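Chain letters run A, B, ... following the sequence lines, proteins first and then strands; every chain starts at 1. Bear in mind that the values here come from a model prediction, so they are computed numbers and not experimental data.
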There are 2 protein chains.
Amino acid sequence: MKPTDSELEILQVLWQEGPCTVRQVNERLTENRDVGYTTTLKLMQIMYEKGLLTRVEDARSHVYEANVSEEETQATLLERFVGTAFRGSASKLVMQALGSHKTTPAELDEIRKLLDQIEQQP
Amino acid sequence: MKPTDSELEILQVLWQEGPCTVRQVNERLTENRDVGYTTTLKLMQIMYEKGLLTRVEDARSHVYEANVSEEETQATLLERFVGTAFRGSASKLVMQALGSHKTTPAELDEIRKLLDQIEQQP
DNA sequence: TGTTTGCTACGAAATTATTCGTAGGTGGTA
DNA sequence: TACCACCTACGAATAATTTCGTAGCAAACA
């Protein structure tokens, strides 16, 4: 399961909003950029065929839902990304990410706790 | 500067090896998968036109060099990636990366130091 | 009932990325 | 000189992704 960029954009909407019709997704997408309705429809149909989405056809307009979780998708994408962009070095990626993005104190704490956990493992 | 996957693969070789001829790059690439010589040539020509590479034409075979640094490229790609895959949450990405990849104690220490630095800033 | 509105399905164009074949040139070497 | 090996340039085929137009159907409504 390696969604394309457009597919990921749609998944993001569904992860945030839960089950949606094509129109609802399309409305969210058009907040950022111009996307035709049938473009979104076609993409969601393809994603349905691929198994990335499920749908309920009861109503006149189908209701779609993500069939892959946000976490597992992120894990897959991250795996690829660390490999291609950082030659597999997760720590280099982490340093870059922390260095150039703003992180709240609470988040920093959480990361620290995770570090503790990892170091305590035998 | 947003290199494609194939372009990134070539940049990786040049970052690791320094200046190379097309043949040298191609030989490195074919270690992993089948790539025709002219395929690599064409890609590197395109990258040269885009300004991603420089080249010296003195010798019979041109010698290419990366014209973007590994760090700035990683930063650009990371920026995009955090945005599209993690909705901008760098800390979520960091947690995932630390959780699912093996990191040495030395690297963990380095990350910890970076956390300290960030927290000390006003 | 006839018209408008909104939906799905789907073919196909448009765009972007990747791969490769071929032409033409240059240097080494028998 | 004639041949072979290796190089560049470049057009064009292929593949993957995204976009859109159109047909057809069904509910809502004047």
*Where each residue is assigned the nucleotide of DNA chain C containing its nearest heavy atom, which of B/Lys50 and B/Asp34 is assigned the position nearer the 5′ end?*
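Between the two, 5'-proximity favours B/Lys50.
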*On DNA chain C, nearest-nucleotide positions of B/Asp5 versus A/Thr38: which is more 5'?*
A/Thr38
*Contact class for A/Ser61 (heavy atom, under 4.0 Å): base, sugar-phosphate, or nothing?*
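Sugar-phosphate: the residue A/Ser61, judged by heavy atoms under 4.0 Å, touches backbone atoms but no base.
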*Have a look at B/Ser6 and say if it touches a base, only the backbone sugar-phosphate, or nothing, with a 4.0 Å heavy-atom cut-off.*
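Sugar-phosphate contact only - B/Ser6 comes under 4.0 Å of backbone atoms but never of a base.
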Taking the side chain of [X] as heavy atoms from C-beta outward, which of [options] is closest to it?
| X | options | answer |
| --- | --- | --- |
| B/Thr39 | C/dC20, C/dG27, D/dT18 | C/dC20 |
| B/Leu41 | D/dT18, D/dA9, C/dA12 | D/dA9 |
| B/Ile46 | D/dT8, C/dG6, C/dT18 | C/dT18 |
| B/Arg55 | C/dG6, C/dA17, D/dA9 | D/dA9 |
| B/Lys42 | D/dG11, D/dT19, D/dT17 | D/dG11 |

Would you say [N] has OP1 or OP2 under 4.0 Å from some side-chain N or O of [X]?
| X | N | answer |
| --- | --- | --- |
| A/Thr4 | D/dT18 | yes |
| A/Tyr37 | C/dT8 | yes |
| A/Arg33 | D/dT19 | yes |

Atom-pair distance ([atom1] on [X]; [atom2] on [N]), nearest Å:
| X | N | atom1 | atom2 | result |
| --- | --- | --- | --- | --- |
| B/Gln24 | D/dC6 | CD | C1' | 14 Å |
| B/Leu52 | C/dA17 | CG | P | 12 Å |
| B/Glu57 | D/dA9 | CD | C1' | 11 Å |
| B/Gln45 | D/dG11 | CD | P | 11 Å |
| A/Tyr48 | C/dA9 | OH | C1' | 13 Å |

*What do the steps show when you test B/Gln16 against A/Arg87 for side-chain contact (heavy atoms from CB on, under 4.5 Å), and what is the final call?*
CA-CA 10 Å; B/Gln16 282 190 284; A/Arg87 271 187 246 161; 3.1 Å; yes
*A/Tyr64 and A/Tyr48 aromatic ring geometry - parallel, tilted or perpendicular at 30°/60° bounds*: perpendicular
*For the base of C/dG6, is there a side-chain donor-acceptor partner from A/Arg23 under 3.5 Å away?*
no
_What's the separation between atom CG in B/Leu41 and atom CG in B/Asn26, rounded to the nearest 0.5 Å?_
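If we round to the nearest 0.5 Å, B/Leu41:CG and B/Asn26:CG are 9.5 Å apart.
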*Enter the distance from A/Thr103:OG1 to B/Leu115:CG here, rounded to the nearest 0.5 Å.*
8.5 Å
*N-O pairing of A/Arg112 and B/Glu119 below 4.0 Å*: yes
